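Input: a single structure, listed below in structure tokens.
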There are 2 protein chains.
Amino acid sequence: MSKRPEPPIAPSAEAPRRAADRIRDTAAELFYREGIRAIGVEEIVNRAGVTKPSLYRAFESKDELAADYLRDYDRRFFLSFEAPAADHPGDPKGQLLAYLEILSVRASSDGYRGCGLTNAVIEYPDRDHPAHQVAVDSKRALRERLREMCRGMGARDPDELADGLLLLLEGSYVSGQTFGEGGPARALGAAARRLIDASL
Amino acid sequence: MSKRPEPPIAPSAEAPRRAADRIRDTAAELFYREGIRAIGVEEIVNRAGVTKPSLYRAFESKDELAADYLRDYDRRFFLSFEAPAADHPGDPKGQLLAYLEILSVRASSDGYRGCGLTNAVIEYPDRDHPAHQVAVDSKRALRERLREMCRGMGARDPDELADGLLLLLEGSYVSGQTFGEGGPARALGAAARRLIDASL
DNA sequence: TGACAATGTTACCGATCGGTACGTACCCTG
DNA sequence: CAGGGTACGTACCGATCGGTAACATTGTCA
């Protein structure tokens with residue numbers, strides 16, 4: 001193999017990236033901030049500086065674009081969920097609390113828009129909708145991960161504790177939007193700590 | 001005042017009630033089950049068996065109809081929130097747990113659609129939207145009511161406990177939709193109990 | 001009977017919705 | 001330089017959105 005084609009110029013870098021990528025980024029931003037139903041494809045392509053056919057060449061439909069956005073959101077979510085764990089090796093409780101502490105701050109500050117996946121379930125209650133399915137799958141995975149961590153903590157009833165913590169998590173996501181600065185999510189850390197300690 | 005007009009025939013009863021009332025009922029049902037953005041005015045009037053002009057004679061706009069729906073939802077919510085308290089006079093903890101027990105069952109059974117007010121905040125993140133405002137006001141009142149109850153319990157930090165409980169509540173609303181039957185809301189009672197007991 | 005309020009009927013508005021048929025500029029390869 | 005694919009834009013589609021104008025019909029009360 002003498003010289004492989006080598007992607008056009010810079011695969012990353014700045015400049016006019018592929019239309020599909022610009023659409024993905026713009027859609028992610030708009031869907032998250034305003035809601036999926038609130039944003040039309042017209043606005044996405046306008047803000048992305050592309051045209052509608054480009055969108056429909058890369059994505060089957062708006063619904064599929066939304067599902068794609070959520071799949072990506074899911075990936076980034078679990079990255080940020082696991083990231084703080086690095087500072088607490090072999091300490092599931094410390095790992096979880098580290099994430100919760102970060103969330104607590106974000107979710108009780110102004111302009112917070114909650115979890116894109118949770119929001120999607122509410123926007124699309126229909127179980128058959130692609131966006132709904134992606135979001136629910138992600139939440140099931142989160143529940144399982146929490147159970148795992150609770151087992152690691154040595155909880156008396158790990159599944160029950162995991163569910164309690166999941167309620168606190170989801171509560172923080174939605175309350176963050178409702179109350180903004182100084183909202184109830186600021187109590188997330190303390191509540192989680194108490195709940196965990198009372199369950200070991 | 002000899003005899004005041006006296007409402008037409010039966011203020012309640014069956015039969016062809018006023019168009020505005022039929023619209024209200026139908027909109028409440030559809031908005032709650034499918035979401036506000038998902039339902040068009042056309043569908044509301046069709047299902048209510050009335051016509052569009054009737055809707056716009058009784059309501060300024062769809063947004064105002066939505067706000068009206070939420071105001072009514074708020075009223076009925078606080079009724080159902082306070083109702084179970086009757087069995088536990090002078091016992092704030094028992095009162096709250098009684099409601100939570102009921103919610104726990106409903107929110108972990110199939111087809112649950114959460115809290116209409118919470119859903120509205122997510123559907124309309126714009127603070128200026130009438131629906132958003134009604135919902136946020138209602139949630140603020142709920143937070144205040146919870147603080148009151150936590151003071152009544154003699155909590156060390158009533159505001160913090162109230163926020164923790166609010167997170168559990170909101171978490172149940174949204175998780176109910178995500179997980180359906182057997183969802184994490186079934187752990188609501190146990191979690192609340194532990195949180196309260198660890199905060200007195 | 002006659003007046004009034006409430007509702008229905010029909011037809012329409014401009015804007016926006018999600019989605020597409022079709023033409024064109026570009027770049028790599030031969 | 002020819003050809004062909006890739007990537008994109010122009011212009012448009014029918015359907016539905018929220019909302020309204022003008023007028024006919026009904027039921028209730030005085």
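Only heavy atoms go into these numbers, but all of them, side chains included; no hydrogens, no water, no symmetry mates. Each chain gets a letter, A, B and so on, in the order the sequences are listed, and its residues count up from 1. Fair warning: this is a prediction, and the values are worked out from it, not measured in the lab.
Distance from the side chain of K52(A) is smallest to dG19(C) among dA6(C), dG19(C), dG18(D). Here dG18(C) is the nucleotide among dC8(D), dG8(C), dG18(C) with the atom lying nearest to any side-chain atom of Y56(A). Listed candidates were dC8(D), dG8(C), dT10(D). Nearest to the side chain of T51(B) is dG8(C). With dG18(C), dC17(D), dT9(C) as the candidates, the nucleotide lying closest to the side chain of P53(B) is dT9(C).
Salt-bridge annotation for R47(A) and E43(A): present, with a side-chain N of the basic residue lying under 4.0 Å from a carboxylate O of the acidic one. Using a cutoff of 4.0 Å between basic side-chain nitrogens and carboxylate oxygens, E148(B) and R151(B) are not scored as salt-bridged.
The ring-ring contact (aromatic ring centres under 6.0 Å, His included) search around F179(A) returns none, not counting sequence neighbours.
Surrounding CZ of R106(B) are at most 12 heavy atoms belonging to other residues, nucleotides or ligands under 6.0 Å away.
I39(B) comes within 4.0 angstrom of sugar-phosphate atoms only, judged by non-hydrogen atoms across all strands, and of no base.
Hydrophobic clustering, defined by side-chain heavy atoms of Ile, Leu, Val, Met, Phe, Trp and Tyr closer than 4.5 Å, groups V174(B) together with I122(A), V174(A), I122(B).
In this structure, K62(A) reaches the dG18(C) phosphate: one of its side-chain N or O atoms is under 4.0 Å from OP1 or OP2.
From one end of the helix from dT1(C)-dA30(D) to dG30(C)-dC1(D) to the other, with five pairs defining each end axis, the axis direction shifts by 10° (rounded to 10°).
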